[in-house]
Number of protein chains: 2
Amino acid sequence: MVKKTVSTEEKIIAAAKKVFILKGIDGARMQEIADEAGINKSLLHYYFRSKDKLFDRVFSDSFIPVVKTINLVFEKFQDIDSLVEGFVRHYITMLRENPYIPHFIIHELNRNPDRIVEQIQSSSVNLNRIMEIISKDVEGHKLRPFKPVHVLVNIVALCVFPFVARPIIQGFLLNDSETEFREFIEERTQHIISFVKSAIFINHP
Amino acid sequence: MVKKTVSTEEKIIAAAKKVFILKGIDGARMQEIADEAGINKSLLHYYFRSKDKLFDRVFSDSFIPVVKTINLVFEKFQDIDSLVEGFVRHYITMLRENPYIPHFIIHELNRNPDRIVEQIQSSSVNLNRIMEIISKDVEGHKLRPFKPVHVLVNIVALCVFPFVARPIIQGFLLNDSETEFREFIEERTQHIISFVKSAIFINHP
DNA sequence: AATTGATTTAACCAAACAGTTAAATTTAAT
DNA sequence: ATTAAATTTAACTGTTTGGTTAAATCAATT
């Protein structure tokens, strides 16, 4: 009565994640999640009383790694140079492992913006830190006079966008080829780093 | 039997657009669309036989202005300088007027990538053109040696991302204030133009 | 005035679906 | 062997929903 408990719960979470991401909360069917997990609907409700409760769990489980990634980088690096590099590298790596998370988060966030509020408060990310670093380097004439908020949004946008717009990019620009998309992402880490540095540094090779 | 026909159809389309964008295709209810349009369900089905057909119509109606915007700019401007400026200006303007279109398109595109294929073919956008222009200027040592595809994706990403990630940006970075978000978008056009030019031009002030 | 299409009313159907229940069966721990 | 939890089976409930139907009313055209 202990051994398989965790395993089944994990199986359910994994299955639910897959289905929720693929179909969204409204498109997802409890039966489909049960099938995907290799169990039946009764057991599914036995573990998670309702669809909503199950979704909440999957959502927070998906949200946490994103926040973790950000905090990790912020604590590790201090100067703008390594901060940009570290941020982009960690972010793209995380996205490559969880390519559907951005769309998932964005979609459910747009549908139910309030749900995120708790998540935000419970996992406080210190975004002000990177903005202060940018501010200082702007004052020190090391960086061009861009507003820190925009620079921050830019970096995230450059990393995340290809993953939420993948069908468009792959279909329009990359001959509808999965291989080309993988290559595209592969070379993108270095590209973003160069692109951002070229943009923000006053003296750049 | 002619006068109000168009008007009612338009009312339905507008209502459907609103509901579909807000709730997604699965979350949308035909009754809600009818209510929103100020008619009843029977009439709704009288105009559009099924939810799917109605959705198809709304989707193509939403997709066309995006493509129109792009083509317009591409035909008008030739050199990279005015192309970047024109593209960003037109794109942000269009997005300000239709802030929910990106999320709508991206969401339904991820859920049903095939649906877009017809749209793509029927509204051929010539993206190669901007890529060729970038290529030439890279060869002419006017631009840094970035791959054109990435530069193109970057520009679109910088414009579009704030609109799909609005709840996050507004909540995390802008004190949850609508006013601040509007200001943010206001100043963003100029920011993106400067940011991109700084990044790509070898000699930039 | 007669016709025709637009719109409403209201009732209805069948399918899908979240969630429940209760009894039976299996599995593992003691 | 007993016990208790995990899991299955299977039938069921209540509701929501997309879609239909048919008759009635309204509005404009002829």
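Below, chain A is the first sequence line, B the second, and so on; all start at residue 1. Keep in mind the model is a prediction, meaning the values are calculated, not measured.
The phosphate of dT7(C) has neither OP1 nor OP2 within less than 4.0 Å of any side-chain N or O from Tyr46(B).
More than 12 heavy-atom neighbours from other residues, nucleotides or ligands sit within 6.0 angstrom of NZ on Lys197(B).
A heavy-atom distance below 4.0 Å to DNA chain C is reached by these residues of residues 30-39 of chain A, ordered by number: Met30(A).
We find that CG of Leu43(B) is positioned 17 Å from P of dG18(D), with the value rounded to whole Å. Between the CZ atom of Phe48(B) and the C1' atom of dT20(D) there is a distance of 18 Å, given to the nearest Å. Rounded to whole Å, the distance from NZ on Lys51(B) to C1' on dA16(C) is 12 Å. Leu54(B) has its CG atom 16 Å from the P atom of dT17(D), to the nearest Å. In this structure, Tyr47(A) places its OH atom 18 Å from C1' of dG19(C), rounding to the nearest Å. With rounding to whole Å, Arg49(A) atom CZ is found 8 Å from dT20(C) atom P. Rounded to whole Å, the distance from NE2 on His45(A) to P on dT7(D) is 16 Å. Here dG18(D) presents its P atom at 16 Å from NZ of Lys53(B), a figure rounded to the nearest Å.
Among the nucleotides dG18(D), dT9(C), dA5(D), the one closest to the side chain of Asn40(B) is dT9(C). Which of dT17(D), dC17(C), dA6(C) sits closest to the side chain of Arg29(B) comes down to dT17(D).
For Lys41(B) and dG19(D), a side-chain-to-base donor-acceptor distance below 3.5 Å is present, hydrogens and geometry of angles not being considered. If you check distances only, the side chain of Ser42(A) does reach the base of dT21(C) with a donor-acceptor pair under 3.5 Å.
Between Phe163(A) and His103(A), the distance from one ring center to the other does not fall under 6.0 angstrom. Ring centers of Phe55(B) and Phe20(B): under 6.0 Å apart, within the cut-off. Close placement of the Phe87(B) and Tyr91(B) rings is indicated, their centers lying within 6.0 Å of each other.
Residues Val156(B) and Ile169(A) have side chains not in contact (no heavy-atom distance under 4.5 Å, counting atoms from C-beta outward).
Between the side chains of Asn110(B) and His107(A), no donor-acceptor pair is found at a separation under 3.5 Å. Residues Arg129(A) and Asn71(A) bring no donor and acceptor atom of their side chains to less than 3.5 Å of each other.
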